[in-house]
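Only this structure's heavy atoms are used, side chains among them; waters, hydrogens and symmetry mates stay out. Proteins come first, then strands; the chains are lettered A, B, ... in the order of their sequence lines, and each starts at number 1.
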There are 2 protein chains.
Amino acid sequence: MSSVAEPHQADDGHGPGGGLAHRVPDLGALELLLAVARLGSLGAAARELGITQPAASSRIRSMERQMGLALVDRSPRGSRLTDTGALVTDWARRVVEAAECFDAGAQALRSRRDSRLRVAASMTIAEYLLPGWLLALRAERPDTAVSLHAGNSAAVAERLLANEADLGFVEGLSVPTGLDSVVIAHDHLIVVTAPGHPWARRRRPLAASELAATPLILREKGSGTRQVLDSALGGLARPLIELSSTTAVKAAAVSGAGPAVLSELAVREELAMRRLVSVPVEDVALARDLRAIWPTGHRPVGPARELLSLTRG
Amino acid sequence: MSSVAEPHQADDGHGPGGGLAHRVPDLGALELLLAVARLGSLGAAARELGITQPAASSRIRSMERQMGLALVDRSPRGSRLTDTGALVTDWARRVVEAAECFDAGAQALRSRRDSRLRVAASMTIAEYLLPGWLLALRAERPDTAVSLHAGNSAAVAERLLANEADLGFVEGLSVPTGLDSVVIAHDHLIVVTAPGHPWARRRRPLAASELAATPLILREKGSGTRQVLDSALGGLARPLIELSSTTAVKAAAVSGAGPAVLSELAVREELAMRRLVSVPVEDVALARDLRAIWPTGHRPVGPARELLSLTRG
DNA sequence: CGCTGCTCATAAGGACAGGTTATGCCTCCA
DNA sequence: TGGAGGCATAACCTGTCCTTATGAGCAGCG
């Protein structure tokens with residue numbers, strides 16, 4: 001029951017030129033570029049990253065050679081980004097930020113035991129929201145060791161009640177007894193298809209009956225997403241296929257296998273890139289709350305309170 | 001006049017443990033992990049990336065050692081991700097996607113001459129939107145060579161009229177004569193502050209007069225963002241400091257220097273991570289259109305039409 | 001039952017990237 | 001006219017990642 005079982009997908013150009021890694025400078029080089037942009041000098045950037053000035057000079061130079069672009073204007077009294085360098089640096093910043101989220105998440109997965117704050121979260125929240133929160137928390141309280149356990153809503157509640165976690169995050173319809181909660185955000189399930197699908201060009205909203213009558217790509221029964229959909233349609237959702245992870249559902253939908261129902265959190269990126277298109281729906285209650293939960297009476301204090309305050313919009 | 005001149009900022013933990021690059025696997029490893037997730041086998045993933053099976057095996061193993069996490073369940077008939085591996089892979093996917101955007105953008109900056117589609121775009125669009133569009137275009141038309149030139153709105157128009165570009169993207173109030181256009185999206189300028197600023201806790205919307213009376217962190221006169229703000233306030237915006245790039249303005253605002261006015265495109269990430277907070281505003285027309293533009297009479301065809309169709313919501 | 005085909009693991013060697021120290025040149029400023 | 005800070009080059013070292021060659025576990029089939 002663990003996870004990924006993805007269908008074939010016809011996308012991504014694994015064409016010639018070899019992997020991304022040969023065309024994109026590695027993270028260390030991008031980090032260095034950001035430091036140069038911020039500090040205005042190769043030497044200063046080198047010091048900040050704990051390397052020597054010649055190392056920085058050589059690394060920036062080979063990055064420019066690799067990309068075929070002049071990124072930095074060197075002068076005897078400092079270095080500034082060129083115009084294209086500024087643009088490249090902005091794109092690089094996004095890569096580094098994603099890597100920082102990765103790192104924050106990985107670190108939380110690693111430090112299981114001796115953590116000052118033990119968090120349990122549902123898959124969707126752990127995937128899309130939590131790394132950013134952890135990063136923000138680290139910015140304010142750099143020495144707070146956080147541990148993370150991801151699972152379904154029931155598992156999260158269980159861990160809290162067993163005192164194996166201090167704070168939980170779930171997306172669901174109801175809160176288990178013995179737990180207090182606060183709504184931290186709202187989420188909507190939305191219907192998505194590949195851009196080529198007939199529904200993609202629909203202007204008139206889909207009726208609930210139509211949705212219930214159409215075979216859909218769905219998460220397995222028991223997942224939070226599926227529960228909300230079944231309840232909204234009165235237990236009637238017809239699966240085209242059932243997949244055990246959000247990722248697999250997205251991949252199937254992108255490949256054109258059919259319409260899928262997913263959290264808007266999960267498909268924001270795909271919508272922005274037009275890999276998926278949202279289909280308007282009427283009359284169906286696909287909203288759900290994202291909640292922070294904790295054992296009744298143990299109102300969050302210290303790091304837990306800090307993290308909680310970061311999550312509220 | 002080129003670019004970045006960032007003020008001091010007290011954030012990011014350049015603390016111990018050395019750079020990100022030592023804690024996060026490099027792009028090649030992340031790419032490999034995604035391939036393993038998708039294909040269900042180390043050997044198959046290795047083949048897809050054009051390396052040998054032992055190389056893949058060793059690389060995954062050292063990634064697991066580096067992170068201190070078991071990512072893959074190996075068996076004599078294939079490999080599957082562990083639960084934590086699935087989570088890590090989802091985070092890795094975001095890093096790789098950011099790198100793909102970086103690559104698409106860099107490639108467009110590089111191929112200046114012999115391109116089938118020459119695009120000119122304003123800075124904001126080039127920074128935040130265009131890489132995604134280029135990636136989507138590459139997915140559909142892998143062999144379309146695109147070149148990109150970024151500049152302010154006037155420069156974009158100039159390039160189009162001089163037949164140095166086929167398609168332009170600008171965010172602005174008006175369209176120069178000699179050019180046709182279509183609105184592809186709507187953008188709003190928003191007022192943001194660091195979370196600690198008094199305005200951050202404001203519930204009651206800010207009046208235009210209040211905004212005009214307060215010194216703000218702003219882009220330089222002549223930028224599209226500044227033009228819209230000045231016009232909305234009747235030419236009255238009072239600068240606290242003027243900076244020459246969106247990035248510098250964001251950094252100043254994050255560090256708490258004061259309130260800033262920026263496109264919501266530019267601060268979406270910062271808002272999500274609570275590094276900045278949006279301040280409600282009333283009575284001020286801060287909306288602006290994002291437009292695709294082209295020389296009158298040369299309606300986009302071929303690759304230009306293709307790209308245009310990807311940008312419309 | 002043993003062959004064939006798939007999987008992953010290990011071992012030994014080579015290429016290269018990225019780091020270091022040492023040094024030189026340029027420019028601004030006191 | 002030093003001195004300080006900036007960048008570049010050269011020579012060398014080391015670790016990482018790749019390769020080829022080989023071994024071993026599990027499945028299906030004649």
Check your understanding: Does a side-chain N or O from B:S79 land closer than 4.0 Å to OP1 or OP2 of C:dC8, or not?
Key -> yes
Study note, to complete from the structure: Rounded to the nearest 0.5 Å, the CH2 atom of B:W91 sits from the CG atom of A:L109 at a distance of 4.0 Å
Practice item. Could you tell me whether the phosphate oxygens of C:dC8, OP1 or OP2, come under 4.0 Å of any side-chain nitrogen or oxygen in B:S75? Key: no
Exercise for review: Please determine if A:D103 and A:R138 form a salt bridge, counting it only when a charged side-chain N lies under 4.0 Å from a carboxylate O.
Suggested key: yes
Point to revise | Side-chain ion pair, A:E127 and A:K250, N-O less than 4.0 Å | key: no
Point to revise | Crowding at CD, B:E242 (>12 non-hydrogen neighbours, <6.0 Å) | key: yes
Revision key, fill the gap. To the nearest angstrom, the CZ-C1' distance between B:R80 and C:dC6 comes to 18 Å
**Study point:** Salt bridge flag under 4.0 Å for residues A:R74 and A:E64
**Key:** yes
Point to revise | Contact letters for nucleotides 15-30 of chain C, in which S counts primed atoms plus P, OP1 and OP2 and B counts the base, heavy atoms under 4.0 Å | key: ---SSBBB----SS--
Check your understanding: Taking atom CG of B:D143 and atom CZ of B:R116, what is their separation to the nearest 0.5 Å?
Key -> 6.5 Å
Practice item. Any side chain to side chain donor-acceptor pair (under 3.5 Å) involving residues 50-60 of chain A? Give me the pairs, sequence neighbours left out, ordered by first then second residue. Key: A:D26-A:R59
Check your understanding: So, B:E97 and A:R275, do they make that salt bridge, N to O below 4.0 Å?
Key -> yes
Revision key, fill the gap. In the 5' to 3' direction, the nucleotides of DNA chain D bounding the stretch that comes under 4.0 Å of a heavy atom in chain A are D:dG5 to D:dT9
